[in-house]
Amino acid sequence: MTDNLENDSEDLPEQIAVRMAKREKLNDLNDAYPVSIPITHTVAEVKAEFPELEIDVATGKKVALAGRVVFARNTGKLCFATLQSGEGDRIQAMVSLDKVGEESLEQYKELVDLGDHLFVEGEVITSKRGELSVLVDSWKMAAKTIRPLPNLHNDLSEEFRVRHRYIDLIVRDRAREVVRIRSQVMQSLRNTFTQDNFLEVETPMLQVMHGGASARPFKTHMNAFDMELFLRIAPELFLKRALVGGLERVYEINRNFRNEGADSTHSPEFAMLESYQAYGDYNSMAELTQKLIQNAAQDVFGTQVIELEEGETNDLSGTWDRVSMFESLSEAAGVAITPETPIADLKKLADKVGIEIDHPLHGKYVEELWEHFVKPALTKPTFVMDFPVDTSPLTRDHRDKAGVVEKWDLYIRGYEQATGYSELVDPVIQRERFVAQMALAKSGDPEAMKLDEEFLKALEFGMPPSGGMGMGIDRLLMSLTGLGIRETILFPLVK
RNA sequence: GGGCCUCUAGCUCAGUUGGUUAGAGCAACGGACUUUUAAUCCGUGGGUCGUCGGUUCGAUCCCGACGGGGCCUACCA
């Protein structure tokens with residue numbers, strides 16, 4: 001829709017030109033867009049007050065309310081309109097000749113279109129078919145619509161819904177419901193954190209040096225300092241500075257930006273929850289994560305066994321399984337795979353099962369093989385524990401097992417939902433890991449991390465032993481609703 | 001990034017094996033109708049068939065490029 005309403009009326013689509021003329025006439029008569037309208041009730045309030053009236057009843061109760069006209073049925077001297085509130089509640093308005101008079105009825109029929117915001121005042125009654133209605137004493141345009149609403153009898157195309165979410169919200173109950181669910185989930189997450197004495201903080205989204213994850217960043221430029229800046233790919237390195245500063249339990253819910261592909265589980269900007277807990281470790285973070293998600297399900301749906309679309313259920317109840325990455329891989333592959341297994345052997349196995357991979361890191365092979373052998377079978381919520389050391393540069397070595405780090409990934413419905421760590425706090429080892437990442441970057445890996453001298457300096461002032469956790473909010477919503485990522489984001493990026 | 005598919009009225013979709021005026025439902029416009037529920041009935045208008053180029057006597061249809069969208073595939077949460 002690029003047509004420009006500044007054009008001469010002859011150039012406009014017919015229905016827009018017609019509505020523009022009605023707008024003019026409304027302005028001549030009164031006002032097509034009054035600054036405020038004196039409502040006394042919402043649609044929901046009227047429906048709540050009169051839940052079960054008999055057929056053809058007059059209550060004597062006068063109300064004034066407004067709603068969007070979503071259906072209209074005009075007969076000669078009596079007009080019916082279905083008014084819809086922003087919440088999706090509907091009530092019928094009846095405009096009859098003997099109540100409003102000839103002039104008002106004619107103006108109503110001439111000037112009110114589907115989609116308009118209509119203000120009505122009158123008595124609450126039921127019609128001869130029993131429909132709860134407002135028998136209108138007077139009506140007023142609350143806001144004139146210039147473009148026609150799509151017809152409400154067909155589903156909108158996926159593309160139209162994403163590009164015109166505001167229309168989707170008007171015509172589709174589920175669209176409104178998902179927005180409400182998302183808001184309630186956010187509220188629940190914050191409640192759980194608050195109960196556990198976590199502080200919500202906000203750290204920079206514009207960063208001089210991006211870090212905290214392996215991903216390609218968006219670049220931008222600051223004019224005043226003539227400086228290259230990056231949109232953050234993760235808040236991790238700042239949240240850890242907060243821990244150095246003595247903020248022992250912190251979390252942040254905010255947007256991350258990654259300059260990578262977009263599909264049904266990836267959006268270039270996505271909401272991320274990260275949390276750090278001093279004196280915690282990856283076990284305590286696993287418990288916290290399970291609690292956050294189970295509380296969210298309980299608070300929003302009243303159950304931890306959620307009905308998704310198409311009859312699928314997502315059972316989030318109980319204590320979630322924990323499996324070792326190397327052990328589960330060895331079992332599924334039928335051969336023992338350990339951090340000592342030579343890369344050549346791993347490559348041979350990868351070739352055998354058709355995985356194309358050529359990478360300097362041992363751990364990359366292990367993760368690829370794990371995704372091939374184990375991941376597809378993970379349907380229950382499962383913590384996958386103890387990752388290879390060389391692919392997790394911000395995580396500390398396992399306290400008992402050699403060659404692995406204390407990191408887990410949480411899988412729900414087969415995709416990665418969250419990740420947790422026992423954080424690396426030794427500044428000397430952290431520097432060595434960064435140096436190794438720089439070598440990767442030199443060899444052409446565009447996602448390798450940069451050495452962040454300021455962050456290392458902070459670590460050198462001493463960060464307490466800590467657990468950390470990161471969770472994709474959009475993906476959490478996907479788990480709780482069964483929808484694709486673009487349905488969980490109100491206004492997803494479209495080309 | 002690679003492969004395949006797709007784009008027709010405000011919306012949802014038919015259709016044209018290349019041929020004169022491209023259709024439906026809803027929506028719009030005119031008319032009838034005081035109890036409708038996607039109201040009904042009669043009538044009317046509305047299209048750069050994604051854009052540009054090519055082939056052809058003739059292209060919405062065939063071919064190419066470009067743009068939008070979708071699916072599969074690779075990478076990331």
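Note on naming: letters A, B, ... go to the chains in the order of the sequence lines (proteins, then strands), and numbering restarts at 1 for each one. Keep in mind that what you see is a predicted model, and the values were worked out from it rather than measured.
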Who pairs with B/C4 - Watson-Crick or G-U, where each distance is under 3.5 Å: B/G70
Under 4.0 Å, heavy atoms only, any strand: does A/Asn259 hit a base, just the sugar-phosphate, or nothing? nothing
Can you tell me, in whole Å, how much space there is between the C1' of B/G45 and that of B/U21? 15 Å
Mate of B/G23 where both pairing distances stay under 3.5 Å, Watson-Crick or G-U: B/C13
Take atom NZ of A/Lys109 and atom C1' of B/C29, then tell me their distance rounded to the nearest Å. 15 Å
Step through it carefully: locate the ring centre of A/Phe71, locate the ring centre of A/His153, and say whether they are under 6.0 Å apart. yes
Quick one: on RNA chain B, does A/Arg163 or A/Lys128 contact a more 5' nucleotide (nearest heavy atom)? A/Lys128
Of A/Met94 and A/Gly472, whose closest RNA chain B nucleotide lies nearer the 5' terminus? A/Met94
Just name whichever nucleotide pairs with B/G64, Watson-Crick or G-U, keeping both distances under 3.5 Å, else none. B/C52
In whole angstroms, how far is the P atom of B/C29 from the CD1 atom of A/Ile16? 13 Å
Distance, C1' atom - from B/C7 to B/U34, rounded to whole angstrom: 46 Å
So, does A/Arg182 use its side chain to make a donor-acceptor pair with the main chain of A/Thr488 at under 3.5 Å? yes
How far does the P atom of B/G1 sit from the matching atom of B/U16, given to the nearest Å? 35 Å
Return the value, rounded to whole Å, for the distance between atom CD of A/Glu158 and atom P of B/C13. 12 Å
Could you give the CG-to-P distance, from A/Asn151 to B/A27, as a whole number of Å? 8 Å
Considering only the C1' atoms, how many Å lie between B/C49 and B/G68, rounded to the nearest integer? 16 Å
Answer with base, sugar-phosphate or nothing: what part of the nucleic acid does A/Arg486 contact at a heavy-atom distance below 4.0 Å? sugar-phosphate
Counterpart base for B/C76, defined by Watson-Crick or G-U wobble contacts under 3.5 Å: none
Return the value, rounded to whole Å, for the distance between atom NZ of A/Lys495 and atom P of B/G50. 19 Å
Taking the minimum atom-to-atom distance to the side chain of A/Arg73, which one of B/A39, B/U35, B/U34 wins? B/A39
A/Leu424/A/Thr395 under side-chain contact (heavy atoms from CB on, under 4.5 Å): CA gap, chis, key distance, verdict: CA-CA 5 Å; A/Leu424 175 59; A/Thr395 312; 5.6 Å; no
Side chain of A/Phe160 (C-beta onward), nearest among B/C11, B/U37, B/A28: B/C11
Establish whether the base of B/C26 is bridged to the side chain of A/His153 by a donor-acceptor pair shorter than 3.5 Å. no
Can you tell me how far P in B/C33 sits from the matching atom in B/G25, rounded to whole Å? 24 Å
Which is true for A/Gln15 with a 4.0 Å heavy-atom rule: it touches a base, it touches only sugar-phosphate, or it touches nothing? base
Work out how far the P atom of B/A65 is from that of B/G3, and round it to whole angstrom. 11 Å
What integer distance in Å separates A/Arg147:CZ from B/C11:P? 10 Å
In whole angstrom, give the distance that lies between atom CG of A/Leu114 and atom P of B/A38. 13 Å
Roughly how many Å is it from CD in A/Glu131 to C1' in B/U37, rounded to a whole number? 6 Å
Between A/Ser157 and B/U12, is there a side-chain N or O to OP1/OP2 distance below 4.0 Å? yes
